[in-house]
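Just so you know, residue 1 is the first one in the sequence shown, and it goes up from there. The structure displayed is predicted, hence computed values, not measured ones.
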Amino acid sequence: MNALKILIFLFMFQGTSITAQKLSDYKWKNRVLILSDKNLDSDEMNTALRTIKGSTKELKERDIILFLHQEGTFYNLDKKEVKSESSNIISKYFSGYVLIGKDGGIKAKHPYPLELEDLFNLIDGMPMRRLEMKSNN
């Protein structure tokens, strides 16, 4: 039940961007963070979702959209399947997280636990993000 509350909260956080039908629809618009595990309700994934719940402002500032991955299939936060043109983004049984940049390239791929501070530092060091921060000031 707790996981369901987190998913509902995160679904609301994603707003209108959830209307895209494929991961490639986010290219040049959003960074994509994928949480992957063999079970969508695993302790590791739920811990990562709780971590993310506490950082929604920072995620929005960095244009991060969140997806879930289980055994080769991608899901949005209400657990509806999302099409992906590339099945090799994540191996079928990978347990961890993957960051895909706005350019569509894989920027980070790590096992759990999700370290948001490290992820934010990585993103903030990217040239595109530096331009975004400069234009927002």
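- Here the OG1 atom belonging to Thr73 is positioned 7.5 Å from the CD atom belonging to Gln70, to the nearest 0.5 angstrom.
- A continuous path of hydrophobic side-chain contacts links Tyr26 to Ile106 [ILVMFWY only; heavy atoms under 4.5 Å].
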Between Glu61 and Arg129, is the side chain to side chain contact (heavy atoms under 4.5 Å, CB included) condition met? List the steps. CA-CA 10 Å; Glu61 287 173 1; Arg129 174 66 180 145; 4.3 Å; yes
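- For Asn76 against Leu68, the heavy-atom pair with the smallest separation is O-CD1, 4.1 Å.
- Side-chain contact between Trp28 and Asp103: present, with at least one pair of heavy atoms (C-beta onward) separated by less than 4.5 Å.
- Not one N or O on the side chain of Ser55 forms a donor-acceptor pair closer than 3.5 Å with the backbone of Ile52.
- Here the CZ-NZ distance, from Arg31 to Lys107, works out to 9.5 Å after rounding to the nearest 0.5 Å.
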With side chain to side chain contact (heavy atoms under 4.5 Å, CB included) as the test, would you mind laying out the steps for Val82 and Phe67 before giving the verdict? CA-CA 9 Å; Val82 176; Phe67 288 97; 3.7 Å; yes
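- By the rule that hydrophobic residues join a cluster once side-chain heavy atoms approach within less than 4.5 Å of another member, Met128 and Val98 end up as members of separate clusters.
- If you take CD on Glu71 and CG on Asp37, they are separated by 9.5 Å, rounding to the nearest 0.5 Å.
- Test Leu40, Leu35, Ile34 against Tyr75 for side-chain contact (heavy atoms from CB on, under 4.5 Å) and you get one pass: Leu40.
- From Leu114, atom CG reaches atom CG of Leu99 across 10.0 Å, with rounding to the nearest 0.5 Å.
- The two residues His69 and Met45 have their closest heavy-atom pair at O-CE, 4.0 Å.
- Note on Asp25 versus Lys29: no salt bridge recorded, every NZ/NE/NH1/NH2 to OD/OE distance being 4.0 Å or above.
- To the nearest 0.5 Å, atom CD of residue Glu117 and atom CG of residue Leu122 are 12.5 Å apart.
- The shortest distance between side-chain heavy atoms of Asn46 and Arg50 falls below 4.5 Å.
- Each of Ile123, Val32, Thr56, Asn30 was checked for a side-chain contact (heavy atoms from CB on, under 4.5 Å) with Ile64, and the lone residue meeting it is Ile123.
- The shortest non-hydrogen separation linking Tyr112 to Ala48 is CE2-CB, 3.9 Å.
- Checked against side chain to side chain contact (heavy atoms under 4.5 Å, CB included), Asn39 has the following partners two or more places apart in sequence or in another chain: Asp41, Ser42.
- In this structure the side chain of Ile90 reaches within 4.5 angstrom of the side chain of Phe74, judged on heavy atoms.
- Between Asp63 and Lys102 the shortest side-chain heavy-atom distance falls below 4.5 Å.
- Screening Asp124, Leu119, Leu33 for a side-chain contact (heavy atoms from CB on, under 4.5 Å) with Arg62, the sole residue that qualifies is Asp124.
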